[in-house]
Amino acid sequence: MSIPHTKRICQIIKLKPEAIEEYKEVHRNVWPSVLGALRRHNITDYSINHYPPLQLLIATFKYTGNDYDADMKAIGDDPETQRWWKLTDGMQESFNEGAVGSGKDIPWWTEVEEVFRL
């Protein structure tokens with residue numbers, strides 16, 4: 001049995017201070033359809049952490065598929081995921097100049113370079 005290649009991703013975005021409680025609440029009950037889209041497209045071990053002093057959201061996940069770009073596009077094309085992003089994007093502020101929301105030409109979340117792994 002072969003072990004699939006795993007790509008690890010870390011991303012950051014700013015959480016608007018007035019949206020903290022709402023953001024946490026919606027993430028306590030993520031829509032099953034959104035979770036299903038992630039699973040279907042090889043996303044595992046997904047977590048989002050909040051660092052209050054900087055209002056920073058830190059997302060990490062593993063990608064175990066063979067075509068990251070195609071799977072990310074498929075997730076972005078999913079209607080329920082688009083509805084979810086419409087809900088959550090308004091609670092966030094992107095660090096990427098010109099970004100207008102998830103699934104657009106300019107990434108909404110900023111990928112963070114991995115500098116160490118054990």
Inset, instruction - List the steps and the verdict of side-chain hydrogen bond (donor to acceptor under 3.5 Å, both in side chains) for S47 and T60. - result: CA-CA 5 Å; S47 65; T60 60; 3.1 Å; yes
Legend entry - Test: K16 and E93 ion pair at under 4.0 Å: no
Legend entry - D77/K73 ion pair, N-O < 4.0 Å: yes
Does the side chain of [Y] come within less than 4.5 Å of [X]'s, by heavy atoms?
X	Y	answer
I75	L38	yes
S94	Q92	no
R8	R117	yes
L15	H50	yes

Over all atoms of both residues, closest heavy-atom pair of [X] and [Y]:
X	Y	result
G76	Q82	O-NE2, 2.8 Å
D71	G65	OD2-CA, 4.5 Å
I43	Y46	CG2-CD1, 3.7 Å
S102	W85	CB-CD2, 3.2 Å
V26	T88	CG2-CG2, 4.3 Å
I20	Q55	CD1-OE1, 3.4 Å

Inset, instruction - Look only at the side chain of D78 and the backbone of A37, and say whether a donor-acceptor pair between them is shorter than 3.5 Å. - result: no
Inset, instruction - Please list all pairs passing the ring pair (Phe, Tyr, Trp, His ring centres under 6.0 Å) test where one or both residues lie in residues 89-118, with sequence neighbours left out. - result: none
Inset, instruction - May I have all residue pairs that pass ring pair (Phe, Tyr, Trp, His ring centres under 6.0 Å) and include part of residues 12-34, sequence neighbours excluded? - result: Y23-H27, H27-W84, W31-W84
Legend entry - Connected via hydrophobic side-chain network under 4.5 Å: I9 and M72: yes
